[in-house]
Amino acid sequence: GESVGLHLPTLSVQEGDNSIINCAYSNSASDYFIWYKQESGKGPQFIIDIRSNMDKRQGQRVTVLLNKTVKHLSLQIAATQPGDSAVYFCAENIGSNDYKLSFGAGTTVTVRA
Amino acid sequence: DTEVTQTPKHLVMGMTNKKSLKCEQHMGHRAMYWYKQKAKKPPELMFVYSYEKLSINESVPSRFSPECPNSSLLNLHLHALQPEDSALYLCASSQDGLPSNTQYFGPGTRLTVL
């Protein structure tokens, strides 16, 4: 895993290992968070979301953790596969504006065979 | 079905051309968005339509002109673009734009301005 709160632009993972992608957000008023996956040449694809009244949410092979105390969001991918190679963006909805999502810089995940 | 479609997939145009990008969704969503994405950067919001009315314009130059003919369609009209406007243009939609309504993205149109 990576240090809590540290965003890395790239992550190289051995196939079959677990991946942890981190994201820090700045606005304590943010109440909704989304992770998107963007493969080369494609649009962002919704992976999982979480609301601020939750700490953890699980999907298929993915888990999102929210730590509001330190304003940190993470995405865990279990048993990483070659198809997981992509850029991962976190996004937050800043509650004062209904429509806008604020995106993080993105983390490029490369899966090594 | 969470599909947003965009046409064309690729577009090359000169600085004097007029072209249009098209976006369509049949999920009954009432909010639709245009984003611009440069290589290795996150998407940047350009416009938001809610219930077919322009809700947000993020100070986009007038050479980009959005249009929402009906609740399923969103167009982006392009005129007199500059080479720096070359980018991936993404369309997205969401249920009604309220907080916690997930935005679903189309595959994008790769635009090159010569």
**Study point:** More than 12 heavy atoms of other groups within 6.0 Å of A:Met54 CE
**Key:** yes
Review point. Do other residues, nucleotides or ligands put more than 12 heavy atoms under 6.0 Å from the NZ atom of A:Lys42?
Key: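 Counting other residues, nucleotides and ligands, NZ of A:Lys42 stays at 12 neighbours or fewer.
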Exercise for review: Verify the ring-centre separation between B:Tyr49 and B:Tyr33: is it less than 6.0 angstrom?
Suggested key: no
Show every donor-acceptor pair shorter than 3.5 Å between a side-chain atom in residues 58-66 of chain A and any protein atom, with sequence neighbours excluded, or say none if there are none.
{"residue": "A:Arg61", "atom": "NH1", "partner": "A:Ala78", "partner atom": "O", "Å": "2.9"}
{"residue": "A:Arg61", "atom": "NH1", "partner": "A:Ala79", "partner atom": "O", "Å": "3.3"}
{"residue": "A:Arg61", "atom": "NH1", "partner": "A:Asp84", "partner atom": "OD2", "Å": "3.0"}
{"residue": "A:Arg61", "atom": "NH2", "partner": "A:Asp84", "partner atom": "OD1", "Å": "3.0"}
{"residue": "A:Arg61", "atom": "NH2", "partner": "A:Asp84", "partner atom": "OD2", "Å": "3.3"}

Exercise for review: Determine which residues belonging to residues 65-93 of chain B lie within contact range of chain A, meaning some heavy atom pair is under 4.5 Å apart, and list them by number or answer 'none'.
Suggested key: B:Leu88, B:Leu90
Check your understanding: Within residues 36-47 of chain B, which positions have a heavy-atom distance to chain A below 4.5 Å?
Key ->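 Heavy-atom contacts from residues 36-47 of chain B to chain A are B:Gln37, B:Lys41, B:Pro42, B:Pro43, B:Leu45.
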Study note, to complete from the structure: Pair count under 4.5 Å, heavy atoms only, with chain B: among A:Val87, A:Ile34, A:Thr108, A:Leu101, highest is A:Leu101
Check your understanding: Based on non-hydrogen pairs under 4.5 Å, which of A:Gly43, A:Gly106, A:Pro44, A:Gly41 is most in contact with chain B?
Key -> A:Pro44
Review point. With under 30° as parallel and over 60° as perpendicular, where do the rings of A:Tyr36 and A:Phe46 fit, or are they tilted in between?
Key: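 Perpendicular: the ring planes of A:Tyr36 and A:Phe46 meet at over 60°.
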Practice item. Apply the test side-chain hydrogen bond (donor to acceptor under 3.5 Å, both in side chains) to residues B:Thr102 and A:Tyr32: give CA-CA distance (whole Å), side-chain angles for both, the deciding distance (0.1 Å), then the verdict. Key: CA-CA 9 Å; B:Thr102 305; A:Tyr32 178 58; 2.6 Å; yes
Point to revise | NZ/NE/NH1/NH2 to OD/OE distance under 4.0 Å, A:Arg57 and A:Asp49 | key: yes
Practice item. Give a yes-or-no answer on whether the side chains of A:Thr80 and A:Ser19 include a donor-acceptor pair shorter than 3.5 Å. Key: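 Looking only at side-chain atoms, A:Ser19 and A:Thr80 do form a donor-acceptor pair, the distance falling under 3.5 Å.
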**Study point:** Non-hydrogen atoms of A:Thr69 and A:Asn67 that approach each other most closely
**Key:**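 Heavy atoms of A:Thr69 and A:Asn67 come nearest at N-OD1, 3.0 Å.
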Check your understanding: Which pair of non-hydrogen atoms, one from B:Met32 and one from B:Cys23, has the smallest distance, and what is that distance?
Key -> CE-SG, 3.8 Å
**Study point:** Contact class of A:Gln45 relative to chain B, heavy atoms under 4.5 angstrom
**Key:** neither
Revision key, fill the gap. Residue set satisfying side chain to side chain donor-acceptor pair (under 3.5 Å) with B:Glu52, at least two apart, ordered chain then number -> B:Arg30
